[in-house]
Protein chains: 2
Amino acid sequence: MVTMSDVAKAAGVSRATVSYALRGDPRIAAATAEKIRQAAQKLHYNANISARSLRSGRSGIIGVAIYELDRPYPSEMSAAVSREIARRGYQPIVQQTSGSKDDEIMILQKVTSQLCDGMIFSPGQVSDEELRALSHGKPMVLLDDISPDPVFDSVNTACEDGSAAAVHHLIDIGCKHIVVVGPSYDMLLDDKMASSVVGRRMTGCLRAFEEAGVDVSSRNFLPLRHWDPIPSREAAYRLLDSDDYRDADGVFCLTDTIAISFMRGLADRGVRVPDDIALVGFDGVTESEYAVPSLTTIRTDLDDLARKAIDLLLDRVNANVGGTGSDPSADTASDGDLAFPDSPQRLTAAWELVERESTRR
Amino acid sequence: MVTMSDVAKAAGVSRATVSYALRGDPRIAAATAEKIRQAAQKLHYNANISARSLRSGRSGIIGVAIYELDRPYPSEMSAAVSREIARRGYQPIVQQTSGSKDDEIMILQKVTSQLCDGMIFSPGQVSDEELRALSHGKPMVLLDDISPDPVFDSVNTACEDGSAAAVHHLIDIGCKHIVVVGPSYDMLLDDKMASSVVGRRMTGCLRAFEEAGVDVSSRNFLPLRHWDPIPSREAAYRLLDSDDYRDADGVFCLTDTIAISFMRGLADRGVRVPDDIALVGFDGVTESEYAVPSLTTIRTDLDDLARKAIDLLLDRVNANVGGTGSDPSADTASDGDLAFPDSPQRLTAAWELVERESTRR
DNA sequence: TTGTAGGCGTTATCAA
DNA sequence: TTGATAACGCCTACAA
């Protein structure tokens, strides 16, 4: 391994000078800096991240922790975030939380909070408060945070507006009995559920129904215990077999993966989409465009989401340069300074309704 | 941050004793070790990875570098590998190489080769020789390595056998004019292409054609410059519009993503699958099961692939414990010892032909 | 069985 | 403008 000492020797300067020069410190004379850069290049020198991180607490790495890397939406999202991180000159590393709380904690303790200058986290089981403890004061941006009073910055998908648009679209094309696949009717009674992704999406649906003057009952909701392909496919059978849903002519599935599996279930029974039942999904994964029939969906602009998330994160990361990072007692009083407000920001990713064959009548 | 000194103080022992105790060194008395473990637990102590890595060269992290994290096959593969790594008690981190050579080099230089005890790499642009230099002596297992004379252990998909099975299946169900979508007819003339994934899959097709006594010409191959959804969809138009392929009644697409996009292209033109044209894919991604019609495919057993890859990798990682790691001059002479042969191993992942609607006649 | 001490490669504080 | 020097937190001979 070639270390900084080797470069220093080759360039005829001290290690300290090499360190300054390679990081662009203006105190080093241009000629010296150039000489050092050339020596480093020739020796294929690369700064040791462990040593740098140990000494300075900064690694240049941004972590992304996401649930289930083998599902279309999370994987497209982490890819987009990953690319945006690289674009800003940081090294992205992705980790899969796989749903278990222990897993999430392990990831945060073992690598993310230690190695990373900041992290993008899609919370599953861990609460905001627990996250605060696990973050060790490192900046973190949450994706679709469900906490009623947030601790961290977050970027959300347009759950309410998007879902409302989906339901409005079904109404617009003439659907009389619309069924929302995912939530149960009494879900909103639970405060914690109400602020979750499914709760917010359901709220959007209810708003749309109300705006259109549609009466709502439990017949408008088909609950799903797990948002997985198999139960989603079977949900189609349940819909077709139950008297409650027999005249359903429009379905809004809370994710594209649910929608595509549900559509497969309808195909199993020979039900035609959109002729017999029109269908709308949510997410806008690539798959939705290539399905037969292609799926109308609420597409989340993942590039926009990534940009907003990384903007928020890097603001905090760079603000941390001066402070200790672990002691947020900086200046709670100076609320006049708007640059980095202490209160967590909450942004929403851009989205659009993409009309495709599944609602073309 | 709570360090080893804090634990030592709390337990009333020295730092060294803490280090030994927490890593299960038998020299420490059971009672002492237990006391130390409890103190560590109470303080929420976590060993600093940077410090450990700097001092011992080991981090407990295994890296996975894969091309395009937002495609179904690579994402399912990295998820499977990631889970297997976690199962063995290591921390997996995933990075996306995004195809560019600079990107791959950057990833290897900046984080993988520095931070990781070993890595799983799906090579794109970088040659085996370059990899050797970039690996800094760290163990590495390649996935679908295309090098004719390999430098590293690798696990491959069953390109030849799988493709042969796909073509045989199409012949079995009665297809008379089979078209393979992906490669061009003259591809095998190029030595480098011949050992690539597409080359090996094509070789399998040719073998099947030969075994079945089918004459082969360029009319049996529909080349694809990029294996992306859009060109794949358009390839279907090309097939339908060209006199060369007009009577095609069976298609083998070299990946599921190609197959699903191609199928979508056929649907655009109102061609029925399997009635007019039967279709087989390769990979066995989740999506293939939920497509309408569901896709017959050569499914690679990703759990088996992950298990084999990590077995190979951890063998080398643990073998490195004694040696310097960067100096592989250990014992090239003792070829009698079969435990860790110096010559790279090449394994093949288990696979199966999954028959579904797209070939059901 | 446990403690002492030195160093991994870098950065930051001083002094020159 | 540059150089010496002391940490950062951990591991590991070696000494006790």
Side-chain angles (χ1 to χ4, degrees), chain A residues 1-36 39-40 43-61 109-111 113-115 117 136 321-326, chain B residues 1-9 11-36 39-40 43-61 109-111 113-115 117 136 321-322 324-326:
Chain A
M1 157 165 270
V2 33
T3 78
M4 211 152 105
S5 300
D6 299 321
V7 179
K9 208 174 298 170
V13 296
S14 76
R15 279 166 12 197
T17 307
V18 173
S19 177
Y20 289 129
L22 292 182
R23 303 195 295 117
D25 192 302
R27 289 180 302 183
I28 303 299
T32 316
E34 181 54 28
K35 191 174 55 184
I36 290 171
L43 296 175
H44 299 293
Y45 169 74
N46 260 289
N48 181 310
I49 292 186
S50 299
R52 164 175 297 173
S53 169
L54 179 60
R55 175 63 232 225
S56 71
R58 305 200 58 182
S59 63
I61 296 174
Q109 280 183 339
K110 283 277 172 64
V111 350
S113 74
Q114 288 202 21
L115 245 38
D117 294 346
H136 287 281
V321 170
T324 65
S326 56
Chain B
M1 153 164 272
V2 33
T3 77
M4 214 154 98
S5 301
D6 300 320
V7 179
K9 208 174 297 168
V13 296
S14 78
R15 282 169 12 199
T17 307
V18 173
S19 177
Y20 288 131
L22 291 182
R23 306 204 295 115
D25 192 302
R27 288 179 302 180
I28 303 298
T32 316
E34 181 53 28
K35 191 174 56 183
I36 291 171
L43 297 174
H44 299 292
Y45 169 73
N46 261 288
N48 181 309
I49 292 187
S50 300
R52 164 176 298 175
S53 168
L54 180 57
R55 174 62 232 234
S56 71
R58 306 200 58 182
S59 62
I61 297 174
Q109 280 182 338
K110 283 276 171 67
V111 351
S113 74
Q114 288 202 20
L115 247 36
D117 295 345
H136 286 282
V321 170
T324 65
S326 57

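Chain letters run A, B, ... following the sequence lines, proteins first and then strands; every chain starts at 1. As a basis for the values below, the full set of heavy atoms in this structure was taken, side chains included, without hydrogen atoms, waters or symmetry mates.
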Keeping the roles fixed (side chain from B:Ser59, backbone from B:Leu115), state whether a donor-acceptor pair exists under 3.5 Å. yes
What are the two closest heavy atoms between B:Arg27 and B:Tyr20, and how far apart are they? NH2-CE2, 2.9 Å
If every non-hydrogen atom of B:Asp117 is compared with every non-hydrogen atom of B:Gly60, which pair is closest and at what distance? OD2-N, 2.7 Å
Protein-nucleotide distance (B:Lys9, atom NZ; D:dG9, atom C1'), rounded to Å: 14 Å
Tell me whether the OP1 or OP2 atom of D:dC10 has a side-chain N or O from B:Ser19 closer than 4.0 Å. no
Closer than 4.0 angstrom, basic N to acidic O: yes or no for A:Arg23 and A:Asp25? no
Minimum heavy-atom distance between B:Leu54 and A:Ala51, given as atom pair plus value: CD1-CB, 3.8 Å
Distance check needed: D:dA4 P versus A:Tyr20 OH, whole Å only. 13 Å
Tell me what A:Thr32 touches on the nucleic acid: a base, only sugar-phosphate, or nothing, going by heavy atoms under 4.0 Å. sugar-phosphate
Within this structure, what is the CZ-to-C1' distance between B:Arg58 and D:dC11, rounded to whole angstrom? 13 Å
At the 4.0 Å heavy-atom cut-off to chain A, mark where contacts on DNA chain C begin and end, going 5' to 3'. C:dG9 to C:dT13
Figure out the CZ/C1' separation between B:Arg55 and D:dA7, and round it to whole Å. 16 Å
Measuring from A:His44:NE2 to A:Asp6:CG, what's the distance to the nearest 0.5 Å? 13.0 Å
When we call it a touch if two heavy atoms are under 4.0 Å apart, what does A:Ala29 touch: a base, just sugar-phosphate, or nothing? sugar-phosphate
Which whole-number value in Å describes the distance from B:Tyr45 OH to D:dG9 P? 10 Å
What is the distance, to the nearest angstrom, from the CE atom on B:Met4 to the C1' atom on D:dC11? 7 Å
Can you tell me how far C1' of D:dA7 sits from CZ of B:Arg15, to the nearest Å? 12 Å
Looking at B:Lys35, I'd like to know if its NZ atom is crowded, meaning that more than 12 non-hydrogen atoms belonging to other residues, nucleotides or ligands lie closer than 6.0 Å. yes
Assuming nearest nucleotide by heavy-atom distance, tell me which of B:Ala51 and B:Val13 is located more 5' along DNA chain C. B:Val13
